[in-house]
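These notes concern the structure reproduced below.
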Amino acid sequence: MSTMSQFSAEDEAELQDLLRRLLRSVQERISGAPSVECAEEILLHLEETDKNFHNYEFVKYLRQYVESTLGAVIDEETEFCARGDGHAIGSGQDTLVHAVTKRTRESGQYKTMMQTLKSTMMVVVESLINKFEEDQLRKDEMHRRSQREQAGSHYTDNCSDSDSSFNQSYAFIKHEQLQIIAEKLDPSRPKEVRWEALQSLCCAPPSDVLSCESWSSLRRNLSAALADPDPNLSGKVLRFFAKTFSSSPLNVTREIYTSLAKSLESDFLLQRWSFPSGSAMLDVNEQDMTRLLKQMRLMNDFQKEVTSFWIRHPEKYMEEIIDSTLSLLSLNVEPSAGTPGSEKPLQPVHLIALLDIKATWFKKWMHGYYSRTVVLGLLEKKYRSLIVAALQQCIYYFESRDGVVDEASALTHAMEYQQIDGTRRMRYTAKELEYVHFVHSLCVLGRLLMYTNGRKLFPVRVSKAKDPVTLTDLIGILIRTLYQHPKAPSSRASHADSLSPTSLVMEVLRTLCDRTECAIECLYQTSVIEALLSPLVALLRGDQMKLNSPETTLTHIADILARIATKERGLSLFLYDRSLASAEGERISAAHVIVQFTQRLLADELGVLSETDTPPCVSGAFIFVCRQMYNTCEGLEELRPYGLHTCIARAWRKTSSLSERVPTPVPGAAPALSSQGLQKLLAWEETLLDNLLNFAATPKGLLLLQQTGAITECVTYMFTRFTKKLQVSRCEKFGYGMMVTQVAATAPGAVALHSSGFVQAIVVELWSALECGREDSRMLHPKSTPMDPIDRSCQKSFLALVNLLSSSHAVWELLGGQLLPNKAEYPLREMPTSISDLMDRLIIINSDAKIHSLFNYEQSHTFGLRLLSVICCTLDSLLFLESQYSVSDMLLQSQKDNISDPSAGNGDFIIDGLSVERNHILVRIGVVGGPSERSLPPRGLQKGADPYPWPMFSSYPLPKCYILDVPKASRSKQDSEISTFLAGTARGTQTDSWMESCRKHYRRAVSTKPSAISGDVLADLLEHAVTHLANNPPDCFFPHVEYKAADSSVRTHQLSPVEQLGIQVSVRYGKHLKLLKPDAEQDLSLLMKHCKEFLSQQQAEITSQLYSLQGAFPGHDWFASTVFLLVSGDGERALALLLRLSHLLVSAFLWLPRLHRSVHLPAEMAQSGIHPVYSCTAHYVDMLLKAEVPLVSSAFRMSGFTPSQICQQWLGQCFWNYLDWPEICLYICTCVIMGPDYQVYMCIALLKHLQTDILQHTQTQDLQVFLKEEPVRGFRVSDYLQYMEDLEHRYRARVLSDMRKITQKIT
């Protein structure tokens, strides 16, 4: 090898040979590159991608050269840096290498080496290029004649000149040669000379062509050749452009593209081709038209591809491409003086529409913000005429529909054969071109409406229009176009069907519906809603509506209405905007028009549809619209007066009876109903069931569903879809989880879930995950031991069971009267199928047989104990399980068995996961109290010498550490504004304004000094207020019932085990609060017997299969216990207070046993087993929560849990275990004094207070467990009373009026 300063001729020859061999080795990879730039990238990153890189002789040569040149320099710098004599460097090998590399590259030897190497390689490359050019020219000379003969065949293609040229090879070309080519392309030269020049040009790299000095003249000559009538010449130019597009960067292709656009623009200005008129047709076989279409197709192909890479280049390149395109398409777009169809020039937009009928190019340009901004800016500043023309075309098509209605189907199907080649249609009529233009224009306008700045281009002034066309005007035109389009063909869907006016308009409207901002500006307008509902109003009035296909049109209207109703803003517009004129002439909302129309459809009272073959599809579509309204609380309130649930149920029973009466097929006899007809009948039956089921989305809707008598069939249908993991509907984001929870909150719903097989499916799925593992996976290695108490594989089943058993009603129905098997042996293959089986196998494990039947005893029993803990948070469920299964005795015995030395009697408890969990449950069920009244032991261990400092126990009473000391309630009545107010009022002498004055004093006292109104003050206040309200007839809601039962007669009555346990729990709580005397249990027992006797006199005789309706109220009377504690254990005073309170409306919602099987309720509601606290209070909690605390409402929806579930539990046990005693007292007083609707506001305030925690636990997917197990910490009624008053001002008229309707028949 020569010295560093120079290379010998032999070195250059060797380098040339080595370089050629390297290129041959990577030839396959380079030839597959889509462009020259990509080939360069492959070579630059060859070391990273080619494992043989260091074995190439060329690479070895260069490495040896570098080592011989810089080896000494590198050694010196390494020694220098290692000594630290140079600049300070950090420690580490990487830092040293970096420093040596940096100093070496800064050395003079390195710079000299690079200069020498660069100059030598330039010589080598130039030599290679020269040899390649010589070979190429020789090859061209040999085949010149054959290429001329085959020139025609090169022109033929399938309607596009943008064939891939990725595998084309290019020769390097000198600027002097390009100058010669430019001169040869001059239009004055012979065609043969120009042809040869084009041949040479096609072999040159486009980047060299555009960078040469003669590009301007070359560009001018290429444009002239492009417009040349000789197809061979223009085709060759077009092929050069196509190759450039496929293999060059944007800085090159934008020059070619703009040249092509300007050439076409000049062609249209000079030639002025005529638009066909009369019987004349556009023939694409004509030479000029073929040339134009090929050029337009090449442009269109590039338009659709350029979006994938123009963001990587300067914005000015993109601006030039967009500007030249819009300039071409806006050419001569101003309407001529004549009407469309008369003599007028053919426009570029007609041809681009013929090639890209749905404006795919525009869709892609508008997709990205980068290009959309430029497009909209140019449309606003320079090319607004393009929008005007598109809008004018849509208006023209709508106004001329009467004349071409019969031809629309033929036009749409004709467009299926729009390809331009020898085997397809080649002639297009004027109507077809106009229709193609309409489709293209509609697609462009539809895309503009999707974006804010696109909508800002409106209003648009068009010719022959008095006023500018606004957004709503355009939507109105589209809707009316939808009405006038004829019925779509019933044949299979094709490309042509997507080009029909109906499909195009629906595509635009659906897109707008799905985008909130678009819908607000374009659709949520009174005029648009009126246009959509005008056919419905006309049909309701009995007018004849001009609909070419009523069934299809109405189905499409329903589709759009359903999409609007799905959004909050659209739903509000439907429900509350009363700007529509009804059939009777009064102003009503859209919701009322829709539900009236749906009722008439279900009753077959609309004559216009009597001749259609499949009216169920129309009825189903409009029921679906109503469903988007009645599956919300606010929507149900508006639609409830129409009794739509009854109409749907009636239609379902009729359809069901028809399907059941289909006779069994007999061989040889004609079937009474075809298989297709039977399938349609069954599909319609499922549709009706599906829509009935969606009434269960709200508490009041679930009551209406129960009244139809179809709840079991609906739940069974839901179960079939749930097992298939099907979506609730196309408008629902979540599955059936929330609906299952809603249904499980009621007694009839729980029974329906059990009879449908849903409960069994949950239990089997849980057992499979907990005990069996996945059956469809091979066990390659043992599963790891779960670190969490509940394994992730069982978490879903756990939450499903929590949702199912959250309500005491579900526990009563699923476990009532169900004794545990307690078998002597459990086969390993035996799987539980019911909740009682689950209790037996996972929770109440009281024998060795049960332990040995579990493969994963500790994990499975922990799961059962966790589930028991959540169930026992509902006090009625706890008392029921305790009375039926003696749960606490089982837990205590298990703890006793877990002592290290039970025989000695003083052994230590073995601390493990199960004993810690049992200890937690025993404390939870043994102590009642709010967040500051009891202390629950944690479920985990802590670090340190004593990992579990909490004392365990195996018998009652509990250790004192779990019962927090509560200060004795103050009985002072001196320093209280309330006491002063009551002292000045003699009982029974209150005036009409007394109650208002009482509320005023109460609000001020609670807001300023809530601690001053505790103890006997609240009891006196409550007694005075109830007495005043009971003596005022307008405030009495229930009729007066005389009750004179004596203590002696009542004492002999028996209380249920649940009631007896409830009394014990209440007395323990009262003593803990220092409110009761030691003998208070007898007084409370007597009070309970009086209440039971009093309420039994107002209970109706009901025959029901529900466990909870077999006799008296199955739970404990927590409200009576609360009143007993409030009056400090005075039984007579408590009874008198309850008897007077029973006249008031508030008693129906505070005192749950008050309306159990009550004669005051409608018979069907009393038989339903659904309490007004659920169907009314919880319903309005759901509705107000969505409006007041939307994040919490959404969190509940995502978690599959419902606010109604937790509120029903809170209210059913008067917030025991969730609030401290003073707050419970204030809750009772607030509802009595301020009004029963404050029960709703109290729940909203609580959920608002918990918002942060609710959102957090929604993320951790344990919201229902948190709400049930954790008390409400930090909540004070005084802090939220003002907020509750604000809710009263906004919602009392609606909430309180509905509460007063509980005794009316359900509609």
Side-chain angles (χ1 to χ4, degrees), residues 391 393-412 435 438-439 441-443 445-446 449 469-490 497-513 522-523 525-565 574 580-581 583 590 593-594 596-598 600-601 606-612 614-615 617-619 621-622 624-625:
L391 189 56
Q393 185 64 21
C394 292
I395 295 173
Y396 157 68
Y397 179 79
F398 168 70
E399 292 176 346
S400 63
R401 291 298 297 144
D402 293 337
V404 295
V405 153
D406 297 333
E407 300 179 14
S409 180
L411 285 175
T412 56
Y435 186 75
F438 159 72
V439 174
S441 300
L442 180 57
C443 292
L445 292 175
L449 296 180
V469 178
T470 63
L471 285 173
T472 52
D473 292 337
L474 175 57
I475 300 300
I477 291 171
L478 298 182
I479 293 172
R480 289 190 291 275
T481 302
L482 188 69
Y483 296 161
Q484 293 183 359
H485 183 63
K487 182 178 179 180
S490 57
D497 295 330
S498 67
L499 301 180
S500 67
T502 297
S503 299
L504 295 167
V505 170
M506 286 300 295
E507 184 179 346
V508 172
L509 295 179
R510 285 170 182 151
T511 302
L512 297 179
C513 287
C522 300
L523 298 178
Q525 305 294 329
T526 302
S527 60
V528 174
I529 302 301
E530 287 178 346
L532 283 170
L533 296 180
S534 58
L536 279 62
V537 175
L539 291 171
L540 287 172
R541 289 174 179 167
D543 299 340
Q544 290 298 320
M545 189 70 183
K546 189 176 181 181
L547 300 175
N548 290 296
S549 176
E551 180 182 334
T552 302
T553 303
L554 291 174
T555 303
H556 288 316
I557 292 173
D559 186 10
I560 299 303
L561 292 174
R563 292 172 185 272
I564 293 175
F574 278 3
L580 295 173
V593 173
I594 295 169
Q596 289 174 17
F597 186 77
T598 305
R600 297 280 294 276
L601 283 175
L606 294 175
V608 70
L609 297 175
S610 60
E611 299 179 358
T612 57
T614 56
C617 70
V618 180
S619 302
F622 277 94
F624 189 76
V625 181

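Every value quoted in this text rests on a predicted model; they were computed, and no experiment measured them. The analysis underlying the following values was restricted to heavy atoms, covering all of them including side chains, and did not include hydrogens, waters or symmetry mates.
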TODO: Spell out, as yes or no, whether a donor-acceptor pair under 3.5 Å connects the side chain of Asp473 to the backbone of Thr470.
DONE: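 Yes, Asp473 side chain to Thr470 backbone: donor-acceptor pair under 3.5 Å.
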TODO: Could you tell me whether the side chain of Thr511 and the main chain of Glu507 form a donor-acceptor pair under 3.5 Å?
DONE: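 Yes, the answer is positive, given that a donor and an acceptor are paired below the 3.5 Å cut-off.
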Hey, are the side chains of [X] and [Y] touching, using non-hydrogen atoms and a 4.5 Å cut-off?
X: Leu482; Y: Ile560; value: no
X: Leu504; Y: Thr481; value: no
X: Asp559; Y: Phe624; value: no
X: Thr553; Y: Pro535; value: no
X: Leu554; Y: Leu536; value: yes
X: Ile475; Y: Leu512; value: yes
X: Leu533; Y: Leu561; value: yes
X: Leu442; Y: Leu478; value: yes

First locate atom [atom1] of [X], then atom [atom2] of [Y], and finally report the distance between them rounded to the nearest 0.5 Å.
X: Phe574; Y: Ile564; atom1: CZ; atom2: CD1; answer: 4.5 Å
X: Arg510; Y: His556; atom1: CZ; atom2: NE2; answer: 6.5 Å
X: Ile477; Y: Ile395; atom1: CD1; atom2: CD1; answer: 4.5 Å
X: Leu445; Y: Cys394; atom1: CG; atom2: SG; answer: 5.0 Å
X: Leu601; Y: Leu539; atom1: CG; atom2: CG; answer: 8.5 Å

TODO: Could you tell me which residues satisfy ring-ring contact (aromatic ring centres under 6.0 Å, His included) with Phe438, sequence neighbours excluded, listed by chain and number?
DONE: Tyr397, Tyr435
TODO: Indicate the atoms forming the closest heavy-atom contact of Val625 with Ala558, along with that distance.
DONE: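 Looking at all heavy atoms of both residues, the shortest contact is CG2-O, 3.2 Å.
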Open item on the list: The criterion is side-chain hydrogen bond (donor to acceptor under 3.5 Å, both in side chains); which residues satisfy it with Ser534, sequence neighbours excluded?
Closed with: none
Task: CA sep, side-chain torsions, deciding dist, call: Leu523, Leu509, side-chain contact (heavy atoms from CB on, under 4.5 Å) - done: CA-CA 8 Å; Leu523 298 178; Leu509 295 179; 4.2 Å; yes
- [ ] Start with the C-alpha gap between Val593 and Val537, add the side-chain angles, then the distance that decides, and say whether side-chain contact (heavy atoms from CB on, under 4.5 Å) holds.
- [x] CA-CA 7 Å; Val593 173; Val537 175; 3.9 Å; yes
